[in-house]
Number of protein chains: 2
Amino acid sequence: MLPQLGEVFRTHGYEGASLTLITAATGLGKGSLYHLFPGGKAQMAKEVLAEIDQWFEREVFAPLRDSADAQAGIGQMFKATDVYFRSGRRVCLVGVFALGAARDEFADAVHGYFDRWREALASALERAGHARGEAKELSEDIVAGIQGALVLARAADDPKVFSRTLARLKRRAGGR
Amino acid sequence: MLPQLGEVFRTHGYEGASLTLITAATGLGKGSLYHLFPGGKAQMAKEVLAEIDQWFEREVFAPLRDSADAQAGIGQMFKATDVYFRSGRRVCLVGVFALGAARDEFADAVHGYFDRWREALASALERAGHARGEAKELSEDIVAGIQGALVLARAADDPKVFSRTLARLKRRAGGR
DNA sequence: AATTCATTGTACCGATCGGTACAGACAGAG
DNA sequence: CTCTGTCTGTACCGATCGGTACAATGAATT
């Protein structure tokens with residue numbers, strides 16, 4: 001039930017995700033919840049973050065780092081990103097945590113997620129022909145652009161903002 | 001005391017900004033608080049949002065729209081933005097609200113802020129020589145880039161991420 | 001001095017917070 | 001059937017939530 005748990009944190013933030021909301025979303029009573037997560041809310045959040053990290057490691061970071069065809073790896077990143085964020089209808093849990101007070105408690109997970117994304121993307125961009133420095137800059141622009149597009153799309157309540165911005169970022173990365 | 005109030009919402013989000021935190025940050029007891037804001041937390045947030053809107057209207061949107069020299073207006077935007085967000089040490093309250101559950105209650109303010117920013121910037125870019133469509137796209141990229149850079153800077157706990165990204169966005173906008 | 005009225009601290013409200021205790025439900029093993 | 005150990009619903013805990021009531025304060029007006 002980690003996905004449902006994640007959705008609660010995503011929608012209400014760490015502090016806002018009350019146990020009432022969590023039991024409602026998961027169908028699990030407090031008894032089960034604290035049997036599964038003796039560490040309480042903090043452990044729930046930690047495991048959700050770990051699961052997200054695994055997903056991105058598999059679907060995004062690894063392809064970026066390991067694809068023989070770097071450009072294909074980058075394409076896979078954009079595809080997976082679009083799927084994961086439901087084309088702008090979904091928000092980034094790690095981003096939400098990063099902006100809030102929860103960042104400090106989960107600093108490692110939050111820091112690691114963005115840093116490894118940026119790093120993996122820079123590596124792919126470099127192998128795709130960009131100069132080292134240029135690749136670093138572009139990777140920062142792209143990861144920031146994705147996060148910003150999620151903010152804007154949700155602010156406007158219009159997923160198309162995300163799709164448009166993602167398409168332009170892809171073009172800048174050399175995608176067709 | 002709207003600025004101090006804003007800082008609490010910025011740091012803890014709307015739901016996370018408890019009256020205890022608010023009284024501590026402002027030095028005002030509940031009595032004064034509810035005398036000044038009979039509408040409670042919702043009214044406090046609304047007035048904070050309105051004050052932020054005014055500041056951006058004066059320091060950012062108006063210069064973008066009205067500057068005789070469009071490029072100078074854009075330069076003023078980047079300068080004001082860097083000052084307001086304390087070179088990446090501060091987060092965007094409207095962005096925080098946009099990502100959270102508070103977006104719906106304050107939908108007008110949240111939507112208006114980003115939309116008018118994007119619109120004013122697009123107008124300036126067009127007057128600075130970009131084609132209409134290109135200006136619209138670039139304005140979306142820049143506003144999203146700023147928001148994303150704030151997320152990344154806070155995630156990494158490193159303001160320089162914001163400064164670097166802001167400088168690159170400025171270059172893309174034609175700034176020197 | 002008496003009156004008025006905006007301002008404030010404090011006690012208090014019911015509701016909800018995250019978390020704990022624990023008795024019973026339940027399946028599998030002997 | 002009995003025992004064992006994993007699960008789970010429920011009652012409850014102290015703390016805190018946003019908000020209200022109200023009496024005391026204090027400055028200005030008459």
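Chain letters run A, B, ... following the sequence lines, proteins first and then strands; every chain starts at 1. FYI, side chains are in, hydrogens and waters are out, and symmetry mates aren't considered; it's all heavy atoms of this structure.
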Side-chain contact check for Ser32(A): nearest option of dG9(D), dT10(C), dG9(C) is dG9(D)
Interatomic distance, Glu105(B) CD vs dG18(D) C1' [rounded to whole Å]
13 Å
Between the side chains of Glu7(B) and Arg10(B), is the shortest nitrogen-to-carboxylate-oxygen separation below 4.0 Å, so that they form an ion pair?
yes
CG of Leu28(B) versus P of dG18(D): gap in Å, rounded?
16 Å
Would you mind reading off the distance between Glu15(B) atom CD and dT16(D) atom C1', rounded to a whole angstrom?
16 Å
Measuring from the side chain of Leu19(A) (C-beta onward, heavy atoms only), which nucleotide among dG18(D), dG9(C), dG18(C) has the closest atom?
dG18(C)
In this structure, how many angstroms lie between the C1' atom of dC7(D) and the CG atom of Leu36(A), rounded?
9 Å
What is the distance, to the nearest angstrom, from the OH atom on Tyr34(A) to the P atom on dT10(D)?
17 Å
Closer than 4.0 angstrom, basic N to acidic O: yes or no for Arg164(B) and Glu137(A)?
no
Show the numbers, then the answer: is there a side-chain contact (heavy atoms from CB on, under 4.5 Å) between Leu36(A) and Leu28(A)?
CA-CA 10 Å; Leu36(A) 245 51; Leu28(A) 264 48; 4.1 Å; yes
For dC17(D) and Ser18(B) - does any side-chain N or O of the residue sit under 4.0 Å from the phosphate oxygens OP1/OP2?
yes
Under 4.0 Å between a Lys/Arg side-chain N and an Asp/Glu carboxylate O for Glu140(B) and Arg168(A)?
yes
If you compare every side-chain N and O of His35(A) against the phosphate oxygens of dC7(D) (OP1, OP2), does one of them come in below 4.0 Å?
yes
Output the rounded distance in Å from CD (Gln43(B)) to P (dG19(D)).
11 Å
Taking NE2 from His12(A) and C1' from dG18(C), how many angstroms apart are they, rounded to a whole number?
17 Å
Verify the contact: side-chain N or O of Thr20(B) to OP1 or OP2 of dC17(D), cut-off strictly under 4.0 Å; return yes or no.
yes
Do the ring planes of Phe56(A) and Phe85(A) sit parallel (below 30°), tilted (30 to 60°) or perpendicular (above 60°)?
tilted
Applying a 4.0 Å non-hydrogen cut-off, can you work out what Ala17(A) is touching in the nucleic acid: base, sugar-phosphate, or nothing?
sugar-phosphate
Rounded to the nearest angstrom, tell me the gap between atom CG in Leu21(B) and atom P in dC17(D).
7 Å
